[in-house]
Protein chains: 2
Amino acid sequence: MTDTTPGRRGGRQLPTAEELRTWRGFIETTAALSSRLESRLQGDSALSTGDYAVLLALSEAQGQAMRSSELASHIGWERSRLSHHLGRMERRGLIRRQECATVPRGAEVLLTKVGADAFAGATVPHLRAIRELFVDALTPDQIVAAGEIATALRARLDTLGKG
Amino acid sequence: MTDTTPGRRGGRQLPTAEELRTWRGFIETTAALSSRLESRLQGDSALSTGDYAVLLALSEAQGQAMRSSELASHIGWERSRLSHHLGRMERRGLIRRQECATVPRGAEVLLTKVGADAFAGATVPHLRAIRELFVDALTPDQIVAAGEIATALRARLDTLGKG
DNA sequence: TTAGCATCATTGACACGTCAACCGGTAGGA
DNA sequence: TCCTACCGGTTGACGTGTCAATGATGCTAA
C-alpha cells in the first residue's frame with residue numbers, strides 16, 4: 001500500500017489512500033443503513049420512507065391537509081418528484097388530491113383514513129428500527145460526533161452550492 | 001418541545017427527540033452528499049456511480065474482463081441489478097458481453113475502449129469531488145470519527161442480519 | 001390591452017433498484 | 001435412467017428519481 005500523499009502546495013489535491021478507504025466505508029455504510037431501514041419499514045407497514053415523510057407532514061398539518069408546493073418545500077422534494085409520488089400514493093388510497101379553494105391553480109393534498117391508519121401503525125416500528133440500527137449502534141459520544149459531522153458536511157454542501 | 005425521554009426499564013425503547021434530530025440530520029445529509037457526488041460525476045463524465053464502480057472493477061481486472069457473477073460479488077451487487085446495469089452500459093458501448101469460453105453457462109464482461117477512456121477521464125474529477133465534499137469538509141479528527149462510526153454501524157447491520 | 005414572464009402542478013421519457021419468475025445446463029440420488 | 005435441485009444469468013413488472021417540456025393561471029410592463 002504505497003502512500004499516495006498529495007500534501008504540499010496546499011492546493012486542490014486528491015485524497016490519500018487512507019482517506020479514500022474511510023470515504024468508501026462511510027458512504028457505503030450509510031447507504032446500506034438507509035436501505036435496511038427502508039426494507040424494515042416496508043416489511044412492518046408496507047410503506048416506503050417517501051410515503052412516511054409525506055404522511056408525517058400531512059398528519060402534523062392542521063386539517064391534515066397541505067398545498068402541494070407547501071408540502072414539497074416542507075419535506076425538501078422537487079415538485080415533480082412529489083407529483084409522481086402523490087400519484088402512486090393516491091392509487092393506493094393513502095391520500096387524496098383536490099383543487100384548492102383559496103388558490104385557483106393550487107392543489108390540496110388530503111390525508112385519508114387509510115393513510116392516517118397506515119402512518120399510525122408504521123411510526124412505532126419505524127422509530128424502534130432507528131433506535132436499533134443507529135442509536136444503539138453508537139456510543140453517546142459517537143452520536144454527538146455524527147451530528148457534528150453531518151453539520152459540517154451540510155455546511156460544505158451549502159457553501160459549494162450546485163457547482 | 002416536550003422531552004420524550006424513554007429511558008428507564010433499560011429495554012427496547014424509542015429514540016429521544018434529540019437522538020431523532022441527530023438521526024435526521026445524519027441520514028439526510030449523507031443522502032444529499034451521495035446525490036451531489038452523483039451529479040458531479042454525471043456532469044464531469046456522463047457516468048453514474050454505478051457505471052464508475054463497474055468500470056473501476058473491470059479496469060483493475062487482468063485482461064480488463066471478468067465473469068459476471070465474479071463482478072457482482074466484487075462490487076457487492078445482486079446479479080439481477082448487475083444484469084440490468086450491464087444491459088444499459090452495453091447499449092452505450094462502455095462494455096461488451098460474450099459467452100465465457102471456459103464456463104459453458106458463464107458470461108464474460110469486457111471493458112471496451114470507449115469504457116476505458118470514459119473511466120480514465122472520470123477518475124480525477126471524481127476523486128477531486130470526494131476531496132472537496134468530504135475530506136475538506138471535516139477536520140482530521142472528524143474523518144477518523146467518521147470511519148469509526150461507519151465501522152460501528154456496519155457491525156450493527158451485520159450482527160442484526162436481514163431481520 | 002396585450003405580450004411577455006414567473007408560478008403551480010402535471011406529464012413523459014428515461015435511469016436505476018428490487019423482487020419474483022424464468023431458462024438452460026450441470027450434478028446427485030432414487 | 002429420470003427426477004430433482006441448484007446454479008448462472010436474464011427478464012418483466014413495478015416503485016422510485018431526475019430532467020425537460022407542457023398546461024394553466026396570474027402579474028407586470030410596453
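Convention: sequence-line order gives letters A, B, ...; per-chain numbering from 1.
Rounded to whole Å, atom P of D:dT16 lies 13 Å from atom CG of A:Leu82.
Considering only residues two or more places apart in sequence or on other chains, A:His85 meets the ring pair (Phe, Tyr, Trp, His ring centres under 6.0 Å) condition with A:Trp77. Among residues two or more places apart in sequence or in another chain, the salt bridge (charged side-chain N to carboxylate O under 4.0 Å, His left out) test is passed with A:Glu28 by A:Arg24. Every residue two or more places apart in sequence or in another chain that forms a ring pair (Phe, Tyr, Trp, His ring centres under 6.0 Å) with B:Tyr52 is listed here: B:Phe119, B:His126. Looking at residues two or more places apart in sequence or on another chain, you find no salt bridge (charged side-chain N to carboxylate O under 4.0 Å, His left out) involving A:Glu60.
Remark: B:Arg97 is in phosphate contact with D:dT10, judged by side-chain N or O atoms under 4.0 Å from OP1 or OP2. At the phosphate of C:dT11, neither OP1 nor OP2 sits under 4.0 Å from any side-chain N or O atom of A:Ser83.
Atom CD1 of A:Ile130 is separated from atom CG of B:Leu20 by 5.5 Å, given to the nearest 0.5 angstrom. One distance of note links CG of B:Asp136 with CD of A:Glu19; it measures 8.0 Å at 0.5 Å rounding.
Ion pairing between A:Arg40 and A:Glu132 holds under the 4.0 Å rule for side-chain N and carboxylate O.
The residue B:Ser68 sits close only to the backbone: its heavy atoms come under 4.0 Å of sugar-phosphate atoms, none of a base.
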Given side chain to side chain contact (heavy atoms under 4.5 Å, CB included), test A:Ser83 with A:Arg79 step by step and report yes or no. CA-CA 6 Å; A:Ser83 187; A:Arg79 275 211 307 275; over 6 Å; no
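Contacts with DNA chain D (heavy atom under 4.0 Å) in residues 109-125 of chain A: none are found.
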Mark up nucleotides 13-20 of chain C, 5' to 3', with B wherever a protein heavy atom is under 4.0 angstrom from a base atom, S wherever such an atom reaches only the sugar-phosphate, and - elsewhere. B-SBSBBB
